[in-house]
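The structure appears right after this line, and notes come after that.
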Amino acid sequence: MNSKIKGINTICTHVGEVEDKQFKGAVSPLYMSSSYAFQDVDVKRYPRYFNTPNQEGLAKKIAALEHCEAGLIFGSGMAAISTAVMAFLKVGDHIILQGDIYGGTYNLVVEQFNNFGIEYSFSKGTNKAAFEELVKPNTKVIYIETPSNPLLKITDLKMISDLAKKYNLISIIDNTFASPINQIPAKFGIDIVIHSATKYMGGHSDMCAGAVACSEEHREKIFHLAKNLGGSLSDYTVWLLERSMKTMGIRVRAQNENAQRMAEYLSKHDDIKAVYYPGLKSHEGHNIAKAQMKGFGGMMSFELKAELGANLFQKSLKLIKPSMSLAGVESTVLSPAETSHALLGAVERKNRGISDGLIRFSVGIEETEDLISDIEQAIKQSKKKHKITSS
Ligand SMILES: *Cc1c(COP(=O)(O)O)cnc(C)c1O
């Protein structure tokens, strides 16, 4: 099937299907073998070689969605990130990373890279100068994440790919928050696209997986390290992920719509100080987001008035669950100051604009009326407990 001529939901549903030649079933058969014949075959198959029938099929779907030549499926988002990044770095090399990145990626860099003799710098912002001032003669990779966690900062993809070309760097993006439904970085010249498939690709908060999409040439390089590190995904989970991805387009579009509606509601609320959502005209990255995204995504954050108490608010929610992860069909909230950004300390959090009242909101597919009434009752509860009578 030529994926280039297919629409996004057709890719989600069909590209990479494994044909059931034996029984003509409607869905991909699941091949659980970890042992395949080595004689009289064209490919030596083994799960850690990323080439079982189900792994190869799903990799095609990921590649098609990201408008790339090739894909690889990993055991987690971090397996995908660590392998893809390390594949392009060796002793004495330097990597530039966006300052606002996923906590696990930040930890990988600061906890491990010194051990491998790899130098790194984090950008102070997301504009061109913030990245360009960090380029050194030994810089090999530029790594970004947009929209970023938790303030949904937007980085200009074209600007990054131009910088990468100018200085001969490999550009890598963590595209998890947008998903390929909303953002196709390869169209803007970004070399390597990574996903925590635990999030929108999986979409049901029931699996952990990762994915990479890139050129054949880059895939070879990443695969070379991947087979040594061994971060492949079990075929059963590959199969489940294929199943989940069939509905990714309709899920994510529903989440986009819900998030826009929730962001508009929250931004008019007297008890909410600020809302960070790229779909709002007031968001500082709105114009760039509009130019490079097809939808603004299901993630946002908002700041409660301090006196309400983020903790009490979250405990008072009945429908929306406080949860560590994100991007499921169910709405969840999280307090970055208490979780993902707790280790940074109060001063660094303040520098980054992460207040104690900040709530990260992963908007699901529920009816927005129900989400709104849950938030209304939680605010009322918090006020009652804190004996706030005004507004
Ligand atoms: C969750 C997440 C990751 C890490 O993925 P895992 O599947 O948990 O390993 C990386 N980047 C972003 C933006 C994430 O949200």
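Whatever order the structure lists them in is the order used to number ligands and atoms, beginning at 1. The structure displayed is predicted, hence computed values, not measured ones.
Judged by distance alone, the side chains of Ser234 and Thr237 do bring a donor and an acceptor atom under 3.5 Å apart. Side-chain contact, Glu69 with Ser215: no donor N or O sits under 3.5 Å from an acceptor N or O. For the 3.5 Å distance criterion, the side chains of His195 and Thr176 fail to qualify, holding no donor opposite an acceptor.
In terms of N/O distances under 3.5 Å, ligand 1 is approached by Thr198. For the pair Ser196 and ligand 1, the shortest N or O to N or O distance falls below 3.5 Å. Remark: ligand 1 and Met78 share an N or O pair separated by less than 3.5 Å (distance only, no angle test).
Listed by atom number, the atoms of ligand 1 under 4.0 Å from Ser76 heavy atoms are 7 (O), 9 (O). Heavy-atom contacts of Lys199 reach the following atoms of ligand 1: 1 (C), 2 (C), 3 (C), 14 (C), 15 (O) (cutoff under 4.0 Å). Atoms of ligand 1 lying under 4.0 Å from any heavy atom of Ala209, numbered from 1 in the order shown and given with element: 7 (O).
At a 4.0 Å heavy-atom cut-off, ligand 1 does not touch Ala197 at all. Residue contacts with ligand 1, taken as heavy atom pairs separated by less than 4.0 Å, involve Ile81 solely via side-chain atoms from C-beta onward.
Salt-bridge annotation for Lys318 and Asp374: absent, with no side-chain N of the basic residue lying under 4.0 Å from a carboxylate O of the acidic one. Ion pairing of Glu132 with Lys166 is present here, as a side-chain N (NZ or NE/NH1/NH2) and a carboxylate O approach within less than 4.0 Å. Between Asp271 and Lys383, at least one side-chain N (NZ, or NE/NH1/NH2) sits under 4.0 Å from a carboxylate O, which counts as a salt bridge.
Nearest protein heavy-atom contact of atom 8 (O) of ligand 1 is Tyr102 OH, 3.9 Å.
Comparing heavy-atom distances from atom 11 (N) of ligand 1 across Thr176, Asp174, Leu326 singles out Asp174 as nearest.
Geometrically, Arg219 engages Phe223 in a cation-pi contact, judged by NZ or CZ lying under 6.0 Å from the ring centre and within 45° of the ring axis.
Contact analysis leaves Ala80 out of contact with ligand 1, as no non-hydrogen atom separation drops below 4.0 angstrom.
The local environment of CG in Asn115 is crowded, with over 12 non-hydrogen atoms from other residues, nucleotides or ligands closer than 6.0 Å.
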